[in-house]
Chemist: 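Have a look at this one before I ask anything.
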Amino acid sequence: MGDSRATEKTAISPRREQDFPEWYQQVVRAAELAEPSDVRGCMVIRPWGFGIWENMQRHLDAMFRATGHRNAYFPLFIPLSYMQREAEHVEGFAKECAVVTHHRLETGADGKLGPAPSAELSEPLIVRPTSETIIGATYAKWVQSYRDLPILINQWCNVVRWEMRTRLFLRTSEFLWQEGHTVHETEAEAREETLRMLGVYETFVRDYCAIPVFSGSKSESERFPGAVETLCVEAMVQDRKAIQAGTSHFLGQNFSRASGIQFQTRDGKQEFGWTTSWGMSTRMVGTVIMMHADDDGAVLPPRIAPTHVVIIPVTPKEDTRAAVLEACDGLAAELRRARYADAPVEVEIDRRDLGGGIKNWDWIKKGVPLRVEIGPRDLQSGNVAVSRRDQPVKAKEFMPQKDFAARVPELLDTIQQNLFSRALEFRDRHTRVIDSRDEFYEFFTARNAAKPEIHGGFALAHWNGSRAVEEQIKNDLKVTIRCIPFGEAEPGRCIFTGERSARRVVWAKSY
RNA sequence: CGGGCUGUGGCUCAGCUUGGUAGAGCGCUGCGUUCGGGACGCAGAGGCCGUGGGUUCAAAUCCCACCAGCCCGACCA
């Protein structure tokens with residue numbers, strides 16, 4: 001008995017509905033995106049995975065520049081005392097800080113290499129979990145007058161947060177990200193900046209990663225340690241859990257007070273600067289996988305795919321091999337003259353001496369948007385066999401080779417659009433407006449408690465704004481408020497307390 | 001940091017209860033037949049059985065300690 005599709009072979013096992021977390025790990029491995037390293041909690045990002053990150057960087061970086069920001073670089077190490085300057089910040093990060101205490105190794109009496117007792121640092125350094133404090137200290141020196149403002153800087157770097165449980169891309173002890181840090185003359189300007197950068201993330205995630213998001217602000221309990229307000233974009237991945245795709249914080253004067261970022265105002269008074277910070281990390285790579293990948297492996301949105309088109313020469317007979325390879329080279333050259341997403345179309349020819357099936361499946365697993373097969377019969381007919389990764393793996397369309405290069409940008413756009421539409425449809429299908437406590441609990445309770453099936457989604461429900469209610473729901477269901485959406489207020493009654501509520505908020509289980 | 005489990009070729013694991021020459025599948029290498037959707041045959045390579053100690057004529061196997069990893073809880077982009 002059972003699922004007839006169980007006999008249908010998929011490239012990834014288990015399939016999504018069988019075991020989502022394991023499926024995810026297998027996709028990351030099969031697509032050669034990343035692998036666990038010998039260092040606990042840290043991953044090796046392989047070229048294919050790093051290529052995705054590089055594309056994310058390229059597009060985001062252009063958007064940062066376009067909004068007036070410039071890149072800079074600040075130290076990896078932060079003096080311990082700097083962390084102490086903002087009370088909530090300490091509380092938020094102290095538990096997961098890597099600490100550097102020595103600056104030399106030596107061989108001890110037991111013959112083992114270890115930190116030299118004579119080389120203990122007078123003040124320990126922490127490896128940055130985020131850079132508000134060290135950047136704040138620097139900005140304090142740069143800022144004297146309102147004329148020095150705004151400061152609009154971004155840095156691309158690694159950070160370390162010593163996590164207990166790690167998962168490739170989603171949560172690792174070391175990860176790559178960008179962190180923007182700005183200082184403004186007025187509160188209004190800083191708030192505007194916070195919102196602007198959230199908009200950048202929203203656009204990037206939607207238009208490049210093909211992922212629809214809810215954007216809004218965080219409740220107090222989910223706020224960044226030290227922030228006055230945290231804004232976020234939240235996506236729903238295929239197990240219907242929420243994942244935060246980017247955050248933008250309005251820090252008020254908290255960090256400028258802590259770091260001494262003071263300036264003389266237009267009317268001659270001293271005032272603390274208004275700061276913001278915002279970030280997006282390599283977690284986005286994992287988000288894209290969980291969003292678009294299927295039971296045959298990764299499915300990459302064309303705009304962030306390291307390779308857009310892979311050409312697979314089909315060479316069944318020795319005497320036609322040279323002609324086939326020549327045709328592949330010709331097509332590749334032609335494709336590279338075409339442009340997509342502000343850059344040349346990226347093409348690869350798979351010349352490996354392997355069976356066609358194996359090569360095809362390798363690229364399916366890697367999620368390349370377009371696969372093109374060229375064999376002797378195609379040379380005769382003048383056609384190429386084109387497969388789209390967003391279509392069933394066996395689907396194949398023949399089209400005239402002479403038209404193909406010109407059609408590629410349009411095909412890629414179609415795939416990009418299709419991935420977004422699917423994701424949007426999925427999210428909407430699993431987003432429910434809920435008006436009763438019972439329905440809420442039912443929505444977030446798996447039928448099979450022993451081995452929970454994929455269930456739930458986003459619930460849009462009224463809430464009275466109390467932290468106690470949040471706490472209760474989190475304890476009962478592991479469900480939290482993902483964001484308080486922007487937009488028009490819709491007065492109602494809290495479904496837990498019956499008290500007044502100004503608007504619905506988004507509830508979900510989350511990563 | 002508390003509770004449970006596991007360490008054996010690159011990977012997944014068997015062998016351990018009852019000590020006696022280290023195994024399988026997958027992957028890898030070579031040759032041949034194949035090749036328009038995950039091919040097959042033959043021949044190979046590859047392991048101080050997590051580390052250290054103990055018991056024994058003899059330890060992957062029994063005992064002790066340590067180390068590492070996984071799962072479950074508290075924390076998190």
Side-chain angles (χ1 to χ4, degrees), chain A residues 8-13 19 21-22 25-26 29-30 35-41 91-97 112 128-130 158-167 169-179 201 218 221-225 227 230 232-235 242-249 277-287 296-297 312-318 320-321 324 352-365 371-381 383-387 392-396 398 450 474-475 478 480 482 510-511:
Chain A
E8 192 176 310
K9 195 173 180 186
T10 55
I12 303 297
S13 81
D19 184 345
E22 180 61 22
Q25 303 277 12
Q26 293 302 328
R29 177 195 289 252
E35 62 190 38
S37 74
D38 292 345
V39 183
R40 189 202 143 89
E91 200 183 322
F93 288 109
K95 279 168 287 186
E96 47 188 20
C97 277
K112 286 183 181 165
R128 63 181 164 220
T130 179
N158 58 341
V159 289
V160 168
R161 296 179 187 178
W162 213 264
E163 299 288 353
M164 293 290 115
R165 296 187 56 202
T166 59
R167 292 178 73 184
F169 288 114
L170 301 180
R171 175 165 301 110
T172 48
S173 290
E174 179 190 16
F175 59 93
L176 307 182
W177 77 347
Q178 58 65 216
E179 47 180 329
Y201 291 143
K218 284 291 188 192
S221 59
E222 298 275 328
R223 204 172 280 158
F224 176 77
T230 288
C232 63
V233 288
E234 294 277 334
I243 187 162
Q244 182 171 302
T247 50
S248 184
H249 314 292
S277 68
W278 26 275
M280 179 175 285
S281 73
T282 39
R283 178 181 244 198
M284 199 61 220
V285 177
T287 303
D296 291 314
I312 299 172
V314 178
T315 55
K317 297 197 176 61
E318 275 307 315
T320 51
R321 178 186 294 267
V324 167
R352 292 177 301 166
D353 183 21
L354 292 170
I358 290 188
K359 289 201 278 193
N360 239 310
W361 279 102
D362 270 3
W363 294 105
I364 290 167
K365 285 184 278 192
R371 307 189 300 284
V372 182
E373 289 172 66
I374 300 184
R377 294 213 294 268
D378 305 311
L379 296 190
Q380 297 294 316
S381 67
N383 285 332
V384 290
V386 179
S387 302
V393 291
K394 285 174 189 161
K396 204 186 271 192
F398 290 89
K474 187 176 179 181
N475 287 338
K478 291 183 180 167
T480 51
R482 300 325 303 158
S510 75
Y511 279 92

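Labels below follow one simple rule: chain letters A, B, ... track the order of the sequence lines, proteins then strands, and each chain is numbered from 1.
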Chemist: Does atom CZ of A:Arg223 have more than 12 heavy-atom neighbours from other groups under 6.0 Å away?
Modeler: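 Yes.
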Chemist: With heavy atoms under 4.0 Å as the rule, sort A:Ser281 into base, sugar-phosphate or nothing.
Modeler: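 Base contact.
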Chemist: Short question: side chain of A:Thr282, backbone of A:Phe169 - any donor-acceptor pair under 3.5 Å?
Modeler: no
Chemist: Which residues satisfy the side chain to side chain contact (heavy atoms under 4.5 Å, CB included) test with A:Pro313, sequence neighbours excluded?
Modeler: A:Thr315, A:Val324, A:Leu325, A:Cys328, A:Ile349, A:Lys359
Chemist: Assess whether atom CD of A:Glu35 is packed by more than 12 heavy atoms of other residues, nucleotides or ligands within 6.0 Å.
Modeler: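 For A:Glu35, atom CD is crowded (more than 12 foreign heavy atoms under 6.0 Å).
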Chemist: Which nucleotide in the list B:G37, B:G36, B:G38 gets nearest to the side chain of A:Ile358?
Modeler: B:G38
Chemist: Using a 4.0 Å heavy-atom cut-off, does A:Ser510 contact any base of the nucleic acid, only the sugar-phosphate backbone, or nothing at all?
Modeler: nothing
Chemist: Tell which nucleotide pairs with B:A43, taking only Watson-Crick or G-U wobble pairs whose two distances are both under 3.5 angstrom.
Modeler: B:U29
Chemist: Whole Å only: how far is the CG atom of A:Asn360 from the C1' atom of B:G37?
Modeler: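 A:Asn360 atom CG is separated from B:G37 atom C1' by 6 Å.
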Chemist: Rounded to the nearest Å, what distance is computed from the CG atom of residue A:Asp353 to the P atom of nucleotide B:C31?
Modeler: 10 Å
Chemist: Has the side chain of A:Arg161 got a donor or acceptor atom that lies under 3.5 Å from a matching backbone atom of A:Pro129?
Modeler: yes
Chemist: When we call it a touch if two heavy atoms are under 4.0 Å apart, what does A:Ala11 touch: a base, just sugar-phosphate, or nothing?
Modeler: base
Chemist: Using atom names, set out every protein N or O paired with an N or O of nucleotides 4-8 of chain B below 3.5 Å, distance rounded to 0.1 Å.
Modeler:
none

Chemist: Could you let me know what B:C57 is paired to, Watson-Crick or G-U wobble, both distances under 3.5 Å, or none if it's on its own?
Modeler: B:G20
Chemist: Grab the CD1-P distance between A:Ile312 and B:C35 for me, whole Å please.
Modeler: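 It is 18 Å, rounded to the nearest whole Å.
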Chemist: Restricting to salt bridge (charged side-chain N to carboxylate O under 4.0 Å, His left out), what partner residues turn up for A:Arg352, sequence neighbours left out?
Modeler: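 If we apply the salt bridge (charged side-chain N to carboxylate O under 4.0 Å, His left out) test to A:Arg352, skipping adjacent residues, the hits are A:Asp350, A:Asp362.
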Chemist: Select base, sugar-phosphate, or nothing to describe what A:Ile364 touches, counting heavy atoms under 4.0 Å on all strands.
Modeler: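 Answer is base: heavy atoms of A:Ile364 come under 4.0 Å of a base.
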Chemist: Would you indicate what A:Val159 reaches in the nucleic acid, counting non-hydrogen atoms under 4.0 angstrom: base, sugar-phosphate, or nothing?
Modeler: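 Nothing: the residue A:Val159, judged by heavy atoms under 4.0 Å, touches no strand.
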Chemist: What is the distance from CH2 of A:Trp363 to C1' of B:G36, rounded to the nearest Å?
Modeler: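 After rounding, the gap between these two atoms is 19 Å.
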Chemist: What does B:G73 pair with, Watson-Crick or G-U, if both distances are under 3.5 Å?
Modeler: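 Pair assignment: B:G73 / B:C1.
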Chemist: Whether the side chain of A:Asp362 and the base of B:G38 hold a donor-acceptor pair under 3.5 Å is what I'd like checked.
Modeler: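 In this structure, the two groups form no donor-acceptor pair.
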Chemist: Paired with B:G36 by Watson-Crick or G-U wobble geometry, both distances under 3.5 Å: which nucleotide is it?
Modeler: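 The answer is none; no pair meets the criterion.
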Chemist: Looking at every strand, decide which applies to A:Gly375 at a 4.0 Å heavy-atom threshold: base, sugar-phosphate, or nothing.
Modeler: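 Base contact.
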Chemist: For A:Ser510, give me all partners under side chain to side chain contact (heavy atoms under 4.5 Å, CB included), at least two apart in sequence or on another chain.
Modeler: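 A:Ala242, A:Thr480, A:Arg482.
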Chemist: With rounding to the nearest 0.5 Å, note down the distance linking CH2 in A:Trp278 to OG1 in A:Thr247.
Modeler: 11.0 Å
Chemist: Looking at every strand, decide which applies to A:Thr480 at a 4.0 Å heavy-atom threshold: base, sugar-phosphate, or nothing.
Modeler: nothing
Chemist: Name the pairing partner of B:G52, where a pair is Watson-Crick or G-U wobble with both distances under 3.5 Å, or state none.
Modeler: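 Its partner is B:C64 (Watson-Crick or G-U wobble, both distances under 3.5 Å).
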Chemist: Is there any protein nitrogen or oxygen under 3.5 Å from a nitrogen or oxygen in nucleotides 70-75 of chain B, and what are the pairs?
Modeler:
from: B:C72; atom 1: OP2; to: A:Arg165; atom 2: NH2; distance (Å): 2.9
from: B:G73; atom 1: OP1; to: A:Lys478; atom 2: NZ; distance (Å): 3.1

Chemist: In whole angstroms, how far is the C1' atom of B:G38 from the CD atom of A:Glu373?
Modeler: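 Atom-to-atom, A:Glu373 to B:G38, this comes out as 13 Å.
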Chemist: Determine the contact category for A:Leu170: base if any of its heavy atoms lies under 4.0 Å from a base atom, sugar-phosphate if only primed atoms, P, OP1 or OP2 are that close, otherwise nothing.
Modeler: base
Chemist: Of all residues at least two apart in sequence or in a different chain, which pass the side chain to side chain contact (heavy atoms under 4.5 Å, CB included) check with A:Asp296?
Modeler: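 A:Asp296 satisfies side chain to side chain contact (heavy atoms under 4.5 Å, CB included) with A:Thr10, A:Ala11, A:Asp294, A:Trp361, A:Ile364, A:Arg389, A:Val393 only.
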Chemist: Parallel, tilted or perpendicular: which describes the rings of A:His249 and A:Phe224, with under 30° parallel and over 60° perpendicular?
Modeler: parallel
Chemist: Using a cut-off of 4.0 Å on non-hydrogen atoms, how would the nucleic acid contact of A:Phe224 be classed: base, sugar-phosphate, or nothing?
Modeler: nothing
Chemist: Answer yes or no: is there a donor N or O on one side and an acceptor on the other, between the side chain of A:Gln178 and the main chain of A:Met280, under 3.5 Å?
Modeler: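 The answer is yes, because a donor-acceptor pair under 3.5 Å joins these two groups.
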Chemist: What does A:Lys396 touch in the nucleic acid at a heavy-atom separation under 4.0 angstrom: a base, only the sugar-phosphate, or nothing?
Modeler: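 Base, at least one base heavy atom under 4.0 Å.
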